[in-house]
Structures are given as structure tokens and as C-alpha cells.
Protein chains: 2
Amino acid sequence: MELEDILRERDFRLTRPRRVVWEVLSESERHLSAAEIAEEVHRRDPGINVSSVYRTLALLAELDLVRESRLTETSTWEPAHADAVIHLVCENCGATRHHDAALVEDLRAEIARTADFAPSVIDVRVSGTCAKCPAPSTPR
Amino acid sequence: MELEDILRERDFRLTRPRRVVWEVLSESERHLSAAEIAEEVHRRDPGINVSSVYRTLALLAELDLVRESRLTETSTWEPAHADAVIHLVCENCGATRHHDAALVEDLRAEIARTADFAPSVIDVRVSGTCAKCPAPSTPR
DNA sequence: CTTGTTGCAAAAAATTTGCAACGCG
DNA sequence: CGCGTTGCAAATTTTTTGCAACAAG
């Protein structure tokens, strides 16, 4: 379903700021901070204000079209993806990757069974060192 | 090892702000936001400034004595605990609990094996509904 | 046309910093 | 006593909000 349809379905309008923010997010293959999004949006249309970027991100998140992550210092945004997500964050270079793992579903089952808790979304964040980076010389 | 020793070992001093912040964190059985910590610290000693609270949190985090979580809107702090941690966050009442799960270690092994990535800390955040809260009437 | 949205500028909220005074070791 | 730390106030940084003008449907 298209962005426009999703919006219209809920009586929201497809405006230029919304289209551009969505394009920027869709075209990026990595997480972007609000500042980066605002910058790129502004590059594409200097007339679009930062506050519209924030308002759009909030709206798209509400519609489950984008997802906010707080993996690092600043929070970042990306198009929403399947429920179980593993984020691999390199402590050295900061790169963030996704990783599929069937085990997450096992985890969900275990929690549902043992924790008196009904899981909906599971987020896994793994800090570590990626292949490109040297192993930490002084492991803490 | 005591706080004082850990500090002294690295040529830091045990000061009143540091002691009180540490006490507040140690005595709490839940995550606290910086504002909550500052408030409680101030209650115990009105002379301690907010900026000292922030500086202390940064130092204690550096020493791996406390840990910052960004599970919800605002980031929260808690004494550092074992590596693999599962946080259960209730979408309804906001309560945060810890949960042990051996599966996390399986996950670590799988990532190490398949992802070209050396995991150090693994954080699992599970959103959902806790036993005390009604199931969401309109599941999204 | 009607009403949701925007741009702008100002406000809020959250955190950081410079610096002289202070106090731990 | 010396140097790491603090309190304070001001500066940053990040996000939010009120409101008149604007534009999507």
C-alpha cells in the first residue's frame, strides 16, 4: 500500500514535507538521526521546516511506517520492518546492521511461557566489534 | 569491591555527590531517570547540584558501575548488572522488569557464528503487556 | 471552501560547559 | 597544600508548541 493511501485512510493529507521525509527514509539503507533527516530534507527542499520533519516523524511512527531506535546517544529513525529485529552496533565504528535470527522467536515463546508477560515487539541490540574493525586492544 | 576503591584505583576521589548518587542508584530497585536521581539526591542533600549528578552518572558509566538504558522516551539509569539482560517493558503501565533467559547466550553464540561480528553486550528489550494490565483492546 | 498542515519564531526540556571556589587525599 | 571536583549560571542541543497563513481534497 502506498504512503498516500495509508494517510488518506486515516484522513491525513499527503503533503510535500511528508512525501520528502518518507522518500529520504525509504532511500536510506541506514538509520538516520532527526538532524540528518532534516538536513537531507532541507537539501531537497529548503522550504521545508525542521518542525515539520519532527511532526512527520511522529506521524509516521504513529502509523507504524517508521520506527525510532535509541541504540546510541542520539535516537535514529528507519522505515519499520518485521517484528523481531536484531541490531548489531559496532562499538568501534558505530555502524549498525540488521541480522536475522530465528532464535528471537524462541525467545518470544520462552518469555510468553515463563514471564507472566505478553510480548509484542522484541528488540535485540548487540554491541560488539564488526569484522572490519580490530578487536578491542583493552577489553574492559 | 567498594565504590571508594574503584574510584581511587583510577585516581578519582570519593566525594559527597558521588557517594549520594551511588547510594540512590543502589537502593532503587528500578530504573531511574536523571531527573528522578537528581530529585532524590537533592532531597538527601540540597547542596548537590544537578550538573554534578550528570557528571557523576557519566563517570560511573565510564567505570561500568552504572548503565544507561534508553528503553522509553527518557533514558534511565541503574547499577550495572550481568551482561545478558532482558528488559520487559509494559506498553500499558510502563513498568520495567528484568528477566533471565538462558536463550540469550544461545543467541550470542549464533551471532558470533553467523554474523561476522564479535558480540560483547546483548540487550533485549521486550515490549508487551504485563500480567497486571489488561490485554490491549485494539491490538495494532 | 473547509479543515488539516505548515513555517516561523519563541518556548521548553535536557544536558553540557567555563570558571573561580572548594575540599579530598 | 595540590589538583581533582563542585556549584552556579550561562550556553548548547534537541524537540515542542502557538498561531496566522497556506494548500490538499
Side-chain angles (χ1 to χ4, degrees), chain A residues 2-25 31-63 65-77, chain B residues 2-25 31-63 65-77:
Chain A
E2 289 307 311
L3 171 62
E4 179 167 8
D5 302 318
I6 297 175
L7 287 172
R8 206 170 298 170
E9 193 171 83
R10 303 244 218 140
D11 291 320
F12 292 114
R13 295 174 184 177
L14 179 54
T15 62
R16 184 150 176 68
R18 286 170 185 172
R19 185 179 7 251
V20 177
V21 167
W22 176 244
E23 282 171 9
V24 168
L25 282 167
H31 295 205
L32 298 176
S33 67
E36 289 171 321
I37 296 168
E39 192 186 358
E40 179 58 27
V41 164
H42 194 262
R43 188 171 304 133
R44 299 186 185 195
D45 183 342
I48 298 174
N49 194 275
V50 213
S51 60
S52 295
V53 171
Y54 279 102
R55 285 188 279 227
T56 297
L57 289 174
L59 177 63
L60 296 181
E62 176 66 31
L63 297 174
L65 289 172
V66 303
R67 189 118 170 252
E68 183 176 8
S69 306
R70 299 164 201 273
L71 299 173
T72 55
E73 325 288 311
T74 54
S75 70
T76 54
W77 304 76
Chain B
E2 288 307 311
L3 172 62
E4 179 166 9
D5 304 317
I6 295 175
L7 287 172
R8 206 172 296 173
E9 192 170 87
R10 304 244 218 139
D11 292 321
F12 293 113
R13 296 175 182 175
L14 179 54
T15 61
R16 183 147 176 70
R18 286 171 183 170
R19 189 184 359 256
V20 178
V21 167
W22 177 246
E23 282 171 10
V24 168
L25 281 168
H31 294 205
L32 298 176
S33 68
E36 288 172 320
I37 296 168
E39 192 187 356
E40 179 58 28
V41 165
H42 195 262
R43 188 169 305 134
R44 299 186 186 196
D45 182 343
I48 298 174
N49 193 275
V50 211
S51 60
S52 295
V53 172
Y54 279 103
R55 286 188 278 227
T56 297
L57 289 175
L59 176 65
L60 296 182
E62 177 65 31
L63 297 175
L65 289 172
V66 303
R67 187 116 172 255
E68 182 176 8
S69 306
R70 298 164 203 277
L71 299 172
T72 55
E73 323 288 313
T74 54
S75 72
T76 53
W77 303 76

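Numbers restart at 1 for each chain; the letters A, B, ... are given by sequence-line order, proteins then strands.
- Atom CG of A/Leu7 and atom P of C/dT3 are 20 Å apart (whole Å).
- Using a 4.5 Å heavy-atom cutoff, the side chains of A/Arg18 and A/Arg55 are not in contact.
- Looking at A/Val41 and A/Thr56, their side chains never come closer than 4.5 Å, going by heavy atoms from C-beta outward.
- To the nearest 0.5 Å, the span separating CZ on B/Arg16 from CZ on B/Arg44 amounts to 10.0 Å.
- Rounded to whole Å, the distance from CG on B/Asp45 to P on D/dT6 is 12 Å.
- Residues B/Val20 and B/Val53 form no side-chain contact, since every pair of their non-hydrogen atoms from C-beta on lies 4.5 Å or further apart.
- Remark: the backbone N or O of B/Trp77 is not paired with any side-chain donor or acceptor of B/Arg67 at under 3.5 angstrom.
- B/Ser52 places no side-chain N or O within donor-acceptor distance of the main-chain N or O of B/Ile48, the cut-off being under 3.5 Å.
- Against DNA chain C, the stretch residues 46-58 of chain A makes heavy-atom approaches under 4.0 Å through A/Gly47, A/Ile48, A/Asn49, A/Ser51, A/Ser52, A/Arg55.
- In this structure, the CZ atom of A/Arg19 is 20 Å from the P atom of C/dG4, given to the nearest Å.
- The nearest whole Å value for the distance from the CG atom in A/Leu60 to the C1' atom in C/dT5 is 14 Å.
- When the P atom of D/dT16 is taken as reference, atom CG of A/Leu59 falls 13 Å away, rounded to whole Å.
- Within the model, atoms CD1 of A/Ile6 and CG of A/Leu65 stand 4.5 Å from one another, a figure rounded to the nearest 0.5 Å.
- To the nearest angstrom, P of C/dT5 lies 9 Å from CG of A/Asp11.
- In terms of modelled atom types and a separation under 3.5 Å, the side chain of B/Glu40 and the main chain of B/Ile37 share no donor-acceptor contact.
- Note on B/Ala35: nothing from the nucleic acid sits closer than 4.0 angstrom, heavy atoms only.
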Show me the protein contacts with nucleotides 22-25 of chain D, counting only N or O atoms at under 3.5 Å.
from	atom 1	to	atom 2	distance (Å)
D/dA24	N3	A/Arg13	NH1	3.1

